[in-house]
Each structure stands twice: as C-alpha cells, then as structure tokens.
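So that we are looking at the same thing, I have put the structure below in structure tokens.
Counting begins at 1 with the first residue of the sequence.
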Amino acid sequence: MRLILLGPPGSGKGTQALRLVSKHGIVQLSTGEMLRAAVAAETPIGLQAKDIMANGGLVPDEVVVGIISDRIEQPDAKKGFILDGFPRTVPQAEALDELLKKKHLKLDAVVELRVNESALLDRVEKRAEETRARGEEVRVDDTPEVLTKRLAQYRTLTEPLIHYYSERRKLLTVDGMMTIEHVTREINRILSAIGAVEPKAAPAKAATPARKAAVAARKTARPAGKKAAKTAKKVAKAAPKGRKAASRKAGKAAPASQRRAVGKAKKATRTTVRKAAKKVTKKRAKR
C-alpha cells in the first residue's frame with residue numbers, strides 16, 4: 001500500500017500517518033528525515049544534498065526524488081509507505097509519478113484531510129491561551145500568526161495537488177474535522193473499498209476435544225449406517241420371494257380332495273363360458 005496524505009498544517013496528517021503505519025505495517029517516509037539520514041550515511045545523493053544545505057540553498061526536486069528512490073528500495077518499504085512532506089508541488093508530483101513508473105510501482109491513493117481553516121486558527125489560538133495560562137512559553141511555530149502564513153503557503157503551492165490527483169482518480173477526501181478515531185475509521189474504510197487493504201482471512205477454529213469426538217463419531221456411524229441400509233435392502237428383496245414360496249407351499253400342503261374340487265369348478269366355469277359364446281354366435285348368424 002503506497003499513500004500520500006494531503007492537508008493543511010494542523011489537519012492531523014502526522015497523527016493519521018502513525019496510525020496507518022501501526023495498523024498496516026508500512027513505513028512513514030519524511031523527506032526531512034530521509035535527507036538527514038542520507039547525509040549521515042554519506043550516500044552519493046546525501047553528499048550532494050549536504051553541500052547544498054551547507055551553502056544555505058534549497059535542495060532541488062531531483063535530489064529529493066533521488067533520496068526517495070533509494071529509500072523505497074530498502075526492505076522495510078516493500079510492504080508499502082506513506083509519503084510525508086512530499087510532494088508539495090505539482091512538479092514534484094510529476095517527478096514522483098515518473099519515479100514510480102520506472103520502478104513498476106503504483107500509487108494506491110492520495111488521502112486529503114479537508115478541514116475548516118477558521119476552526120484551525122481558533123484551535124491554535126485557544127491552545128496558545130491555555131499554554132500561557134499554565135505559565136508556559138508558547139512555541140514559536142504554534143501561534144495563529146505562524147499558522148496563517150503556513151496556510152497561505154499551502155494554498156499557493158500544495159493545494160493545486162488536489163486537482164492534479166483528482167484528475168488522475170487518486171484523490172480520496174475525508175472530513176478532517178471529525179474526531180481522531182472517526183477520521184481513522186473513515187480512512188481505513190475507503191482504503192478497503194478501493195482494494196488498497198487486503199481483507200484479513202478468518203481465523204481457523206481450534207479443534208477442541210468435543211469437536212474431535214463428534215467428527216470421530218460421524219466417521220464411525222457412516223460405515224454402520226451403510227451396512228444397515230444394505231441389510232434392509234436384502235430383507236426387502238427377499239420378502240416377495242418368501243411370500244410366493246409360502247403360497248406354493250400352502251397349495252401343495254392342501255388335501256387332494258380339495259385340489260380336485262377346485263379343478264372341477266374351474267373346468268365347469270370354462271364350459272359355461274364356451275356355451276354362452278356359441279349361442280351369441282348363432283343368433284348373430286340368423287340375423
């Protein structure tokens with residue numbers, strides 16, 4: 001699963017990224033951390049970035065893309081990753097698309113956390129007031145003034161990415177003003193809906209002693225049932241034969257006088273029938 005999280009400062013991207021990492025076993029790739037790691041490891045790209053940063057310059061997109069290229073080749077990124085802080089501009093997004101294409105990788109989704117900027121400013125202002133009330137110093141980057149500047153920068157540079165990824169049918173929008181839990185559930189729901197998350201197989205049921213006994217009983221009962229059925233069929237077939245044999249035996253066992261009387265009655269009946277038939281034939285002939 002390969003994702004990008006989009007959203008203005010304070011939208012909760014960092015929180016949701018950590019939850020996705022924990023749930024799905026993927027890695028969060030921060031461009032800042034990757035740059036520092038590359039510099040520390042003294043990789044060719046890292047040394048190039050080190051010289052640029054030492055002179056106070058901004059690291060160009062091609063250098064950042066090179067660092068990302070090296071990072072996603074590492075074993076822990078094989079299951080997937082979430083890009084944090086990149087891309088920030090449309091040219092960076094185009095460079096990322098080209099990189100993934102060369103590596104035969106697919107970007108599954110770009111999740112936009114849509115928030116109300118006025119609500120974000122109110123939230124930061126309230127947090128600053130609570131910090132002062134506790135007698136603590138407010139962080140320089142956690143004030144309404146700084147947030148206002150960062151929001152303006154986001155609208156200018158990064159917001160065009162929403163249209164860019166929407167055209168490519170990669171954009172999924174979530175209401176970032178919901179609670180953290182609701183946002184997490186909604187992200188996972190839409191990732192499952194598009195097939196970015198593989199459904200978990202149902203756990204196999206443990207074979208308890210009772211289950212084993214029931215299976216064994218069924219296996220034992222089957223041969224016994226078959227034998228009983230065969231026996232019943234044999235009895236059923238034998239029954240008619242038995243009845244016929246019994247009739248024959250009964251006929252043989254009758255007294256001779258009774259057998260003669262029955263024979264005479266049958267002969268008289270046949271004679272009567274023949275005489276009646278002759279009379280009918282003579283009458284028809286006379287007509």
**Study point:** Least distance between heavy atoms, R88 atom then L161 atom
**Key:**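 Distance-wise, the nearest heavy atoms are C-CD1, 3.9 Å.
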
Practice item. May I ask you to say whether R189 pairs ionically with E186, meaning some side-chain N is under 4.0 Å from a carboxylate O? Key: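 Here R189 pairs with E186 in a salt bridge, since their nearest N and O are under 4.0 Å apart.
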
Practice item. Indicate the atoms forming the closest heavy-atom contact of A93 with Y165, along with that distance. Key: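 Shortest heavy-atom contact: CB-OH, 3.4 Å.
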
Check your understanding: Hey, does Q48 have a side-chain heavy atom less than 4.5 Å from the side chain of I45?
Key ->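 A side-chain contact under 4.5 Å exists here.
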
Practice item. For atom CZ of R134, decide whether the heavy atoms of other residues, nucleotides or ligands shown that lie under 6.0 angstrom number more than 12. Key: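 For R134, atom CZ is crowded (more than 12 foreign heavy atoms under 6.0 Å).
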
Practice item. State, yes or no, whether a side-chain contact exists between V124 and V146 at a heavy-atom distance under 4.5 Å. Key: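 A side-chain contact is absent here, since even the closest heavy-atom pair is not under 4.5 Å.
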
**Study point:** Any V27 side-chain heavy atom under 4.5 Å of K78 side chain
**Key:**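 V27 does not reach K78 side chain to side chain.
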
Exercise for review: Mark yes or no: R168 above the aromatic ring of Y164, with NZ or CZ under 6.0 Å from the six-membered ring centre and no more than 45 degrees from the axis.
Suggested key: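 Yes, cation above the ring, under 6.0 Å and within 45°.
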
Check your understanding: Does the side chain of Q92 reach to within under 4.5 Å of the side chain of V64, using non-hydrogen atoms?
Key ->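 No, every pair of side-chain atoms sits at 4.5 Å or beyond.
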
Review point. Quick one: are R155 and E117 in side-chain contact, heavy atoms under 4.5 Å?
Key: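 Of all side-chain heavy-atom pairs linking E117 with R155, at least one is under 4.5 Å.
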
Review point. Do other residues, nucleotides or ligands put more than 12 heavy atoms under 6.0 Å from Q74 CD?
Key: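 Correct, the count exceeds 12.
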
Check your understanding: For Q153, does the CD atom sit with more than 12 other heavy atoms under 6.0 Å from it, leaving out its own atoms?
Key ->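 Atom CD in Q153 is not packed in, count stays at 12 or less.
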
Check your understanding: Side chain of T156, backbone of A152: donor and acceptor closer than 3.5 Å?
Key ->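 Here the side-chain-to-backbone pair exists.
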
Review point. Looking only at heavy atoms, what is the nearest atom pair of D61 and P91, with distance?
Key: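 Of all heavy-atom pairs spanning D61 and P91, the closest is OD2-CB, 4.4 Å.
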
Check your understanding: Could you give all pairs that pass the side chain to side chain donor-acceptor pair (under 3.5 Å) test and reach residues 2-16, with sequence neighbours left out?
Key ->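 Every pair satisfying side chain to side chain donor-acceptor pair (under 3.5 Å) with a residue in residues 2-16: Q16-T184.
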
Point to revise | 4.5 Å side-chain heavy-atom contact, K106 and K170 | key: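 K106 reaches K170 side chain to side chain.
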
Exercise for review: Check the pair L191, D108 against side chain to side chain contact (heavy atoms under 4.5 Å, CB included), reporting the backbone distance first and the verdict last.
Suggested key: CA-CA 9 Å; L191 289 178; D108 291 298; 5.9 Å; no

**Study point:** H182 side chain to D175 side chain, donor-acceptor N/O pair below 3.5 angstrom
**Key:**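 No, no side-chain donor-acceptor pair sits under 3.5 Å.
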
**Study point:** side chain to side chain donor-acceptor pair (under 3.5 Å) partners for Q28, two or more places apart
**Key:**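 For Q28, the residues satisfying side chain to side chain donor-acceptor pair (under 3.5 Å) (neighbours in sequence not counted) are D84.
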
Review point. If you round to the nearest 0.5 Å, how far is CZ of R114 from CD1 of I162?
Key: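 If I round to the nearest 0.5 Å, the distance is 6.0 Å.
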
Practice item. Identify the heavy atoms of P8 and V115 that sit nearest to each other, and give their distance. Key: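 P8 and V115 have their closest heavy atoms at CG-CG2, 3.3 Å.
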
Practice item. Using the rule that two of Ile, Leu, Val, Met, Phe, Trp, Tyr join whenever any of their side-chain heavy atoms come within less than 4.5 Å, decide whether I67 and L105 are in one cluster. Key: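 Linked within one cluster.
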
Check your understanding: What is the minimum heavy-atom distance between L151 and P9, and which atoms define it?
Key ->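 Looking at all heavy atoms of both residues, the shortest contact is CD2-CD, 3.8 Å.
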
Review point. Is there a side-chain contact between N188 and H24 (heavy atoms, below 4.5 Å)?
Key: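 A side-chain contact under 4.5 Å exists here.
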
Check your understanding: Heavy atoms, side chains only, cut-off 4.5 Å: are V65 and F86 in contact?
Key ->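 The answer is yes, as the side chains (C-beta and beyond) meet within the 4.5 Å cut-off.
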
Point to revise | From L100 atom CG to K102 atom NZ, the distance as rounded to the nearest 0.5 Å | key: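 One finds 11.5 Å between CG of L100 and NZ of K102.
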
**Study point:** Minimum-distance pair of heavy atoms, taken over all atoms of P160 and V90
**Key:**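 P160 and V90 have their closest heavy atoms at CB-CG2, 4.0 Å.
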
Practice item. Could you check E136 against T131 for side chain to side chain donor-acceptor pair (under 3.5 Å), going step by step and ending with a plain yes or no? Key: CA-CA 5 Å; E136 300 173 5; T131 302; 5.2 Å; no

